[in-house]
2 protein chains.
Amino acid sequence: MRRPTIADVAARAGCSPATASRALSGGGPVSEAARLRVDAAARALGFRLDPLGRALRRGRSGAIGVLAPSLANPVFAEAIEGVEVAAAAAGLTVLVACVGYDAAREAAAAEALIDRRVDGLVMTVADAAASLAVDRARRSGTPCALMFNQPPDGVTAVCVDNRAAAGDVAEAMLAAGRRRLGFVAGRFATSDRSRQRFEGLAAALAEAGARPPELVEVSYADHDHRAALAALFARAPRIDALFCSNDMLALAVIAGLRALGRSVPDDVAVVGFDGVAVGALTQPSLATVVTPTAEMGRAAAGLLLAARAQGRPPAPEALILPHQFRPGESLAGAADPDTARQRQVRPSPGKALRQTSEESET
Amino acid sequence: MRRPTIADVAARAGCSPATASRALSGGGPVSEAARLRVDAAARALGFRLDPLGRALRRGRSGAIGVLAPSLANPVFAEAIEGVEVAAAAAGLTVLVACVGYDAAREAAAAEALIDRRVDGLVMTVADAAASLAVDRARRSGTPCALMFNQPPDGVTAVCVDNRAAAGDVAEAMLAAGRRRLGFVAGRFATSDRSRQRFEGLAAALAEAGARPPELVEVSYADHDHRAALAALFARAPRIDALFCSNDMLALAVIAGLRALGRSVPDDVAVVGFDGVAVGALTQPSLATVVTPTAEMGRAAAGLLLAARAQGRPPAPEALILPHQFRPGESLAGAADPDTARQRQVRPSPGKALRQTSEESET
DNA sequence: CTGTTAGCGCATTCAC
DNA sequence: GTGAATGCGCTAACAG
């Protein structure tokens, strides 16, 4: 028993396929009577409009494409769910592509989504300033918004101010009495955010007249960072605080430090970035910069959809969402007041702990 | 500048669209000379076969559909990446749909993927024994394989033996001297795995002549389980071990217990299920059942693809992959030998710690 | 308001 | 080995 087509529905409703199409897809003018007959016929046959025929004819698929580096980092999983929320609210579906932090695969994945006639593209790319994927979107005329990336001029994006946030981290570390800072980076080549956070840290330390940060880059594919950390400490034995370019990396670094016999935060403080939920569940709890992850996806999709509804391209500017430093036991001593006092902790001025919505009580 | 079509390629190559199609999609017989001219023309024009026209014409999209409850649990993220690996190896792409643990959305999402002519469907459903999504796949003739779900007769699936694994957990808990066990379940209505794990626990306890487990169901949407845990302890104050139906839940439960002033594992042991990487990074490290998550997705897709290559439907049976209990500080005292000794810990016989590949050293 | 026509891009007949 | 013709399912023009 073959899938019914719109012609079957039309036949059953006693009208032409064109009228059935208008009735079913809300297109042109249809009499109320015809609409009812078509709806009834469609229901009776279990008919659904075929997205393929539709997309081929209309040039748009009714789907939003999402391009993310990986699903392994919950940050992207949450952002994708944010996109889905916004898309579903507009009656669109979502097509997800992951590229494994591989800049080369970005362009190909973007093309694959564009080929499927996505109505818009929400992406996180390795390097927003030189992205083939953004290029492809432009050239194809597919509206496009970045998330997480801070965009170059002319590109729409939703992000946080990575440099400023890193500055907040520097401030908090210095306030906690840490003096010799290191930065553990996911590879700059695969994450411009990582580089911006490093730059923000370095700039803040320079401004404070503090020693410049040590840098170690690690691969996103690795989960065991003991070797990299050992090498770092061989080079700079007296490091007392590590800023990691994201939370999942920070958790792995804490485990690596523990394996190397260094205690967190007594020997080395660790701060992450993103504010993933699991960071608040560990012990020590993870000090981090909380960012509105799901909102990033939702807003990026929202920009696309709002623009689409008005038949114009999305505004080529960055929407910078607020971030918030969240203190945690991995930096300073809620769990260890003595050590904290030794290190002359002062509360970071004017910064209150903001709970993420998932953690808030009802 | 319009996208080139296959007709443009044909014109440039001096042949008919039919020949160009045969050359580009590896279909029928083409002379070597023609193939070279077509390839050159396609390259010169930057031509790519249009997946839409192709799918419409062939009735298959060259994509595998994946249906998962959520991206928030890394278990599914990993499994999806497993599917992607297998699909990419076969030259297919992946279409992901998430349904937010909502059984009602399952069928709709499955239909949406089927409408897009996916070559096959890899799904994790709320209840494999009564799944509308599986039903839809069958009726549409779309090959389908479950992952994580233990299937009813006649359905292909890749899974672990949830009941047996839960039995292993019961054994480990008893061996660690725990006597009053509780089970913290993700809602049975949205996860048959959760129910099976509970059943396995209950059966093993019955067989050992131990007290039956207390049960508390919590929502996957919640992150704060203090109220549920408080209610559980009000009912059964002397509970000394909690088995949680998955690792993310277990981590949240540990945080909840800590918030309630109960120490883990001294007051209450906690064991999870899945073996997510982050569980090995926390303190206390999470005792759990390690399952081959990515392999689940890879194998499910593999079954589909192997069957497709031979033009037959996938074998309607379960492929049961091995699981492994992994001891951790949340159950017994690697971190706390004194307590552990008090509780008369014996090493679980014949079970070695197996590291997941991500954690292994090189 | 409705029907007829045409074609989105492609792969497959079927002739040659 | 190649080309011409056809239609996958749908909707946008256009005419009525």
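Every heavy atom of this structure was used, including side-chain atoms; hydrogens, water molecules and symmetry mates were not. A note on names: the letters A, B, ... follow the listed sequences, proteins ahead of strands, and every chain is numbered from 1. Everything numeric in this text was worked out from a predicted model, so none of it was measured.
Ring-plane geometry between B/Phe76 and B/Phe148 is classed as perpendicular, the angle between the planes exceeding 60 degrees on a 0 to 90 degree scale with a lower cut at 30.
Of the inter-residue distances, the one linking A/Ile80 atom CD1 with A/Glu78 atom CD reads 10.5 Å to the nearest 0.5 angstrom. Note that SG of A/Cys159 is 10.5 Å distant from CZ of A/Arg193, once rounded to the nearest 0.5 Å. Taken from CG in A/Leu95 to CG in A/Leu121, the straight-line distance is 10.0 Å, to the nearest 0.5 Å.
Between the CD atom of B/Glu32 and the C1' atom of D/dT2 there is a distance of 16 Å, rounded to whole Å. The nearest whole Å value for the distance from the CZ atom in B/Arg37 to the C1' atom in D/dT2 is 11 Å.
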Quick one, give me the B/S/- string for nucleotides 9-16 of chain D, reading 5' to 3', where B means a protein heavy atom under 4.0 Å from the base and S means that only happens at the primed atoms, P, OP1 or OP2. BBBBB---
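A distance-only check finds no donor-acceptor pair linking the side chain of A/Asp39 to the backbone of A/Leu36 [under 3.5 Å].
Remark: A/Arg117 engages B/Asp50 in a salt bridge, criterion side-chain N to carboxylate O under 4.0 Å.
Counting any heavy atom pair closer than 4.0 Å across all strands shown, A/Ala34 reaches sugar-phosphate atoms only and no base atom.
Dashed line: the shortest gap from a side-chain N or O of A/Thr19 to OP1 or OP2 of C/dG3 is under 4.0 Å. B/Ser31 has no side-chain polar atom (N or O) that falls below the 4.0 Å cut-off from OP1 or OP2 of D/dG1.
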